[in-house]
Amino acid sequence: MPESLNIIDLITQASLLVQIVMALLLLASLLSWVIIFRMSARLGTAKNFDQQFETWFWSGEDLAKLYQGVQGSPERQGLEQIFYVGFSEYLRMHKKRQPKDDIIDGVERKLRVGLGRQQQLLESGLTTLASIGSVAPYVGLFGTVWGIMNAFLGLSQTEQATLASVAPGIAEALIATAMGLFAAIPAVLAYNHFTAKSSRLYDSRALFCDEMTGMLQRETSAESTVDRDVGRDNVATRETTSTANQAQGL
């Protein structure tokens with residue numbers, strides 16, 4: 001490549017506005033890659049934690065013992081935190097002897113809130129990737145238009161118009177376009193990938209919430225049946241005792 005068209009020289013000799021555009025695009029590209037690496041690690045960790053907890057949850061261990069184990073965990077996340085929030089509400093309402101339907105409704109609300117909060121943490125950074133992917137090409141295009149405009153303005157001030165006189169300005173303008181695409185393409189690809197991955201995690205967690213609600217509903221129904229049976233036995237015992245007392249009185 002001729003020295004006059006060296007990329008470094010073109011960047012350093014570009015107009016101030018084009019240099020600012022290039023710097024912004026470079027920062028946007030670096031930011032997007034930082035977010036990509038962080039989200040990749042975060043989603044991978046979340047998936048592993050959820051799988052481990054589900055294995056523990058379906059191991060047949062009593063829910064109360066499982067809750068005690070989760071309660072002692074210093075850093076709850078994912079399904080572990082969702083289970084903790086839902087079962088805490090179940091214990092609180094069960095302690096107050098609330099009706100079965102009210103208990104299940106309260107647990108479902110807490111599970112939805114816990115699921116939403118965990119999903120917000122999981123998807124942190126997606127908005128930034130979307131913004132970079134959608135805005136960066138236009139920022140680069142702005143730098144391109146400005147560079148070409150300066151090139152033609154410089155061309156109008158020369159006595160002899162040649163391609164060599166306008167080539168550097170057009171080249172620096174096209175560098176801005178290339179940098180815009182360099183920042184946008186990885187951001188868009190990463191956004192689509194992470195959105196799909198986080199959606200799969202959300203669906204898995206939502207299914208877990210439904211299964212947990214069903215388990216608590218069955219447990220609450222069983223306890224209600226036992227309470228009714230105990231109540232009938234108590235009534236029968238009182239009636240028998242009353243009849244015996246009347247017989248003794250006669």
Side-chain angles (χ1 to χ4, degrees), residues 32-130 186-187 189-227:
S32 67
W33 280 106
V34 169
I35 294 174
I36 287 170
F37 286 121
R38 286 184 176 179
M39 289 203 67
S40 179
R42 186 192 310 148
L43 289 169
T45 302
K47 184 178 180 180
N48 292 334
F49 266 94
D50 286 358
Q51 289 177 346
Q52 292 175 6
F53 181 78
E54 279 201 274
T55 301
W56 187 18
F57 183 84
W58 296 113
S59 63
E61 187 171 355
D62 184 68
L63 292 181
K65 293 182 179 179
L66 185 63
Y67 174 76
Q68 291 176 356
V70 171
Q71 192 176 23
S73 178
E75 296 181 357
R76 293 184 296 270
Q77 60 177 301
L79 284 182
E80 193 176 47
Q81 176 65 15
I82 294 171
F83 167 79
Y84 177 78
V85 170
F87 201 76
S88 296
E89 182 68 9
Y90 171 78
L91 293 178
R92 186 184 70 82
M93 298 190 72
H94 189 270
K95 186 177 181 180
K96 293 183 178 180
R97 309 295 295 177
Q98 296 289 331
K100 181 189 71 172
D101 294 338
D102 292 346
I103 293 176
I104 298 303
D105 289 342
V107 171
E108 287 180 341
R109 284 194 299 270
K110 283 294 184 179
L111 288 174
R112 285 195 298 269
V113 171
L115 178 61
R117 287 177 177 173
Q118 290 301 308
Q119 196 66 17
Q120 286 180 347
L121 295 174
L122 197 65
E123 295 179 351
S124 175
L126 277 179
T127 304
T128 304
L129 287 178
L189 292 176
Y191 174 82
N192 292 334
H193 172 71
F194 292 139
T195 299
K197 200 169 183 179
S198 63
S199 296
R200 288 194 295 270
L201 275 174
Y202 179 86
D203 293 340
S204 177
R205 290 174 174 179
L207 181 61
F208 171 84
C209 291
D210 293 339
E211 292 171 339
M212 179 178 170
T213 301
M215 291 180 64
L216 294 178
Q217 191 170 14
R218 289 191 297 270
E219 185 171 337
T220 305
S221 299
E223 291 178 353
S224 299
T225 302
V226 171
D227 291 340

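FYI, side chains are in, hydrogens and waters are out, and symmetry mates aren't considered; it's all heavy atoms of this structure. Numbers here simply count residues along the sequence, with the first being 1.
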Exercise. Would you mind reporting whether Leu63 and Tyr90 have side-chain heavy atoms less than 4.5 Å apart?
Key: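 No - every pair of side-chain heavy atoms lies 4.5 Å or more apart.
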Quiz item: Side chains of Gln119 and Ser198: closer than 4.5 Å at any heavy-atom pair?
Solution: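 Counting from C-beta outward, Gln119 and Ser198 do come under 4.5 Å.
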Taking all atoms of both residues into account, what is the closest heavy-atom pair of [X] and [Y], and its distance?
X	Y	answer
Thr213	Glu108	CG2-OE2, 3.4 Å
Asp102	Met93	O-CE, 3.3 Å
Trp33	Pro186	CZ2-CB, 3.8 Å
Gly78	Asp50	CA-OD1, 3.7 Å
Ala46	Arg205	CB-NH2, 3.8 Å
Met39	Leu129	SD-CD1, 4.3 Å

Short side-chain to backbone donor-acceptor contact, [X] and [Y], under 3.5 Å:
X	Y	result
Ser199	Thr195	yes
Arg42	Ser124	yes
Ser204	Arg200	no

Quiz prompt | With Phe194, the side chain to side chain contact (heavy atoms under 4.5 Å, CB included) member among Leu189, Ile35, Leu43 | solution =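 The residue from Leu189, Ile35, Leu43 that satisfies side chain to side chain contact (heavy atoms under 4.5 Å, CB included) with Phe194 turns out to be Leu43.
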Exercise. For side-chain contact (heavy atoms from CB on, under 4.5 Å), just list the numbers for Phe49 and Leu79, CA-CA rounded to whole Å, side-chain angles, deciding distance to a tenth of an Å, and then say yes or no.
Key: CA-CA 8 Å; Phe49 266 94; Leu79 284 182; over 6 Å; no
Exercise. Kindly indicate, with the supporting measurements, whether the criterion side-chain contact (heavy atoms from CB on, under 4.5 Å) is fulfilled by Leu91 and Tyr67.
Key: CA-CA 10 Å; Leu91 293 178; Tyr67 174 76; 3.6 Å; yes
If you round to the nearest 0.5 Å, how far is [atom2] of [Y] from [atom1] of [X]?
X	Y	atom1	atom2	result
Glu80	Glu75	CD	CD	10.0 Å
Arg92	Lys110	CZ	NZ	7.0 Å
Tyr191	Thr127	OH	OG1	7.0 Å
Leu66	Phe83	CG	CZ	4.0 Å
Lys96	Ile103	NZ	CD1	11.5 Å
Glu54	Leu207	CD	CG	8.0 Å

Practice problem: Evaluate side-chain contact (heavy atoms from CB on, under 4.5 Å) for Phe208 paired with Leu111, printing each intermediate quantity in order. | Solution: CA-CA 10 Å; Phe208 171 84; Leu111 288 174; 5.8 Å; no
Quiz item: Any chance OH of Tyr84 has more than 12 other-residue heavy atoms, nucleotides or ligands included, within less than 6.0 Å?
Solution: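 Counting other residues, nucleotides and ligands, OH of Tyr84 exceeds 12 neighbours.
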Quiz item: Under 6.0 Å from the NZ atom of Lys197, do we count more than 12 heavy atoms belonging to anything else shown?
Solution: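 Counting neighbours around NZ of Lys197, more than 12 heavy atoms of other residues, nucleotides or ligands fall under 6.0 Å, so yes.
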Practice problem: Go through the steps to decide whether Phe53 and Val70 satisfy the test side-chain contact (heavy atoms from CB on, under 4.5 Å), and finish with yes or no. | Solution: CA-CA 10 Å; Phe53 181 78; Val70 171; 3.7 Å; yes
